[in-house]
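One structure below.
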Amino acid sequence: MSFQNPVFIPGPTNMPEAIRLACHMPTIDHRSPLFGDILHPCLDGVRRVLKSQSAQIFIFPSTGTGGWETTISNTLSAGDRVLAARNGMFSHRWIDMCQRHGLDVQVVDTPWGHGLPADDYEAILRADKFHKIKAVLATHNETATGVKSDIAAVRRALDVAGHPALLFVDGVSSIGSMDFRMDDWGVDAAVAGSQKGFMLPAGLAIVGLSEKAMRAVEHATLPRTFFDVRDMAKGYAANAFPYTPPVGLMNGLKLSLQMIAAEGLDNVFARHTRIAQGVRLAVKAWGLELCAVSPDAYSDSVSAIKTPAGFDATEIVNVAARDYGMAFGVGLGEVAGKVFRIGHLGMLTDAMMLSGLAVAEMVMVDLGLDITLGSGVAAAQSHYRHGGA
Ligand SMILES: *Cc1c(COP(=O)(O)O)cnc(C)c1O
């Protein structure tokens, strides 16, 4: 594996050199105002990326998975019912975590490649006359299948059903790369991690909780200690954590948020859309198909690409690593061996993406797939040279 090539796994993503350096800093007193100068810009910057006025932001030394646990353990009680669709590996894992916490999960099994079934959610919420469902789970971007879901539609399902359940959204592979509107969509918990759109190493769970979610914290009885947001909020008020914060990572996050703000959120999203569209045109030129079934479900941060029946898609990832020192993502769960994934989020340029497409082509030709060298690259080039118009 080369340390010079960019990676095309859907997280951890490529790191800008400046962010890498920002993470690398001398020890400071993490209970001093010096830490406050790192902490508060992080909290404010994350709130802006989430497009929320009033959300409370929590940053834990953890990963996205810890963000899920923060959300459920602080707002729910054993036996509470939650509604969740399973349309990929990440939505599956969140469901599994809820079950292990003793929650009663009403699962809507949804074919992988499809987005969340907002209509089914609506029917189930309407039928729940006594409001036994306390929370609705939604994975904004299913990283296993490259499928984006319509969170506004899930919000509408709750509203038209007149249902008071909390809305929890996993935005680990969308926040910072694709538009996310916490307030407009009435999201009560938004979950992210440091190593995807924020272009950092893994190590931070980033969670936004609405005022409604913060009220639920007072009544929820699931056990929580490390992830207790009340302790964390008390710490923040004194420029501190309830324990030792990962100062270097947070210094990197502060810079990441500055870089995102300097580029402009809309420009960041447009760049992701343009790069993703180039990948999709390449896939088409190869004569292959995406796992995502329809354009409205296409993710701008990751593409899962189906390979012909009888072909082991994992071989593409293995050969790319072995022969070209380049990393792509394997298929997970139900689509293991059937798809390979190209991550195209975080610090990425058109030129970097072309290098990934060029290597993917060489690997597929090496493995005997009927693909013409240069075909996908040319399709993406035509798109990129016009600025994605
Ligand atoms: C990566 C990812 C996670 C898990 O995050 P970790 O940081 O690995 O714990 C959860 N959900 C989605 C959608 C992801 O892409």
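None of these values were measured; they are calculated from a predicted model. As the structure lists them, so they are numbered: ligands from 1, and atoms in each ligand from 1.
Applying the side chain to side chain donor-acceptor pair (under 3.5 Å) rule to pairs touching residues 359-379 yields Trp286-Glu361, Tyr324-Asp366, sequence neighbours excluded. Counting only residues at least two apart or in different chains, salt bridge (Lys or Arg N to Asp or Glu O under 4.0 Å) contacts with residues 168-192 comprise Lys51-Asp179, Asp179-Arg181, Arg181-Asp184.
Evaluation of the ring pair (Phe, Tyr, Trp, His ring centres under 6.0 Å) rule for Tyr236 yields Phe241 as partners, not counting sequence neighbours.
For His344 and Asp300, the side-chain atoms include no donor-acceptor pair closer than 3.5 Å.
Contact shell of ligand 1 (protein heavy atoms, cutoff 4.0 Å): Thr63, Gly64, Thr65, Trp68, Phe90, Asn141, Thr143, Asp170, Val172, Ser173, Gln195, Lys196.
The two residues Ile95 and Ala84 have their closest heavy-atom pair at CG1-CB, 3.7 Å.
Within the 6.0 Å centre-distance limit, the rings of Trp185 and His140 are counted as a close aromatic pair.
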